[in-house]
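Here the structure comes first, spelled out in structure tokens, and everything after it is commentary.
The analysis underlying the following values was restricted to heavy atoms, covering all of them including side chains, and did not include hydrogens, waters or symmetry mates. For the single chain, residues carry numbers from 1 onward in sequence order. From a predicted model like this one, the values you see are computed outputs, not experimental measurements.
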Amino acid sequence: MTASFRATTHRWYRNSAPAVGMVLAGGLLAGCGDSVEGHPIAVRGPVTPIVSAEGGLAKLLPDPSQFPTRYTALVLPADTAKQAADDVNGYLPGAQVDPSGCVPATPTAGPAVAVGTDDEARATLTVVLTRSDQPLSALRDQLGQCGTVRLGDSGLTSVVSTRLNPAPPANADDTLAFERTVAAPNDPTGSQRTMQTLIGQIGEVRITVSYMTSGSGKDGEGLDTLFTTALRKVRKG
């Protein structure tokens, strides 16, 4: 590869097309499973934040200097922040979702996003802040019913598999953790990405921190550290 992973990632956030995003989503999440029964539905419009205002969330993001030292970080502008949040969610605008009940709820404000890249590991750490009028327990219940989901867009199919992990102890109203794998069965390259995600809620602010890679590496320490930092920043206000 002639360009660095960091440059490619940042350029991708600026220029990626939905089909490219779908392939990426197919590798964000953990533990692929069998296909599910049911009938796909088209998501009408974005399934992540549709409001233009980020609700004052940007000031609550960790500073790029607070990311683990191996990551080069930046705060994304509003237009690319929404795209990045969609990618972290794994459900892109316009995709068909089967089962239909696995479509994520739309936040009331946001997103605000900061992302750090590790060129050597070909991985990213991403912080997404949104506001939600739903308790985190609603998401936990949904994920428990959506272990394997099929996404379809423009003839491209991705299988999204999610496995809940024990909730991390943290200074938050509620927390949850999960791993995801997203694979594209009809992609001849066999691309797959995995993601480890920690989510906390403080009041109406939802803090999502995700480690994503196309390889087999993990950075639990970096993920935990950044999650703690993000929670602290939100609590401090």
Mind listing the closest non-hydrogen atom pair of [X] and [Y] along with its distance?
X: Thr148; Y: Ser161; result: OG1-OG, 4.0 Å
X: Pro166; Y: Ala177; result: O-CB, 3.7 Å
X: Ala230; Y: Ile207; result: CB-CG2, 3.7 Å
X: Tyr71; Y: Thr124; result: CE2-C, 4.4 Å
X: Ser132; Y: Gln201; result: O-NE2, 4.0 Å
X: Ala109; Y: Leu57; result: O-CD1, 4.0 Å

Salt bridge (charged side-chain N to carboxylate O under 4.0 Å, His left out) contacts in which one or both residues fall within [range], not counting sequence neighbours:
range: residues 206-221; value: Arg70-Asp219
range: residues 104-113; value: none
range: residues 222-237; value: Asp63-Lys233, Asp173-Arg235

Gap between atom [atom2] of [Y] and atom [atom1] of [X] - 0.5 Å precision:
X: Thr126; Y: Met195; atom1: OG1; atom2: CE; answer: 9.0 Å
X: Thr72; Y: Asp119; atom1: OG1; atom2: CG; answer: 6.5 Å
X: Leu125; Y: Tyr211; atom1: CG; atom2: OH; answer: 7.5 Å
X: Leu231; Y: Ile202; atom1: CG; atom2: CD1; answer: 5.0 Å
X: Asp141; Y: Leu136; atom1: CG; atom2: CG; answer: 10.0 Å
X: Thr175; Y: Arg140; atom1: OG1; atom2: CZ; answer: 7.0 Å

What residues form a side-chain hydrogen bond (donor to acceptor under 3.5 Å, both in side chains) with Gln66, not counting sequence neighbours? none
Sub-4.5 Å side-chain heavy-atom contact between [X] and [Y]:
X: Gln134; Y: Leu139; value: no
X: Asp79; Y: Gln83; value: no
X: Leu164; Y: Phe178; value: yes

All side-chain contact (heavy atoms from CB on, under 4.5 Å) counterparts of Ala114, not counting sequence neighbours: Leu61, Phe67, Val75
Mind checking side-chain contact (heavy atoms from CB on, under 4.5 Å) for Cys146 and listing every partner two or more places apart, or none if nothing turns up? Cys102, Gln142, Val149
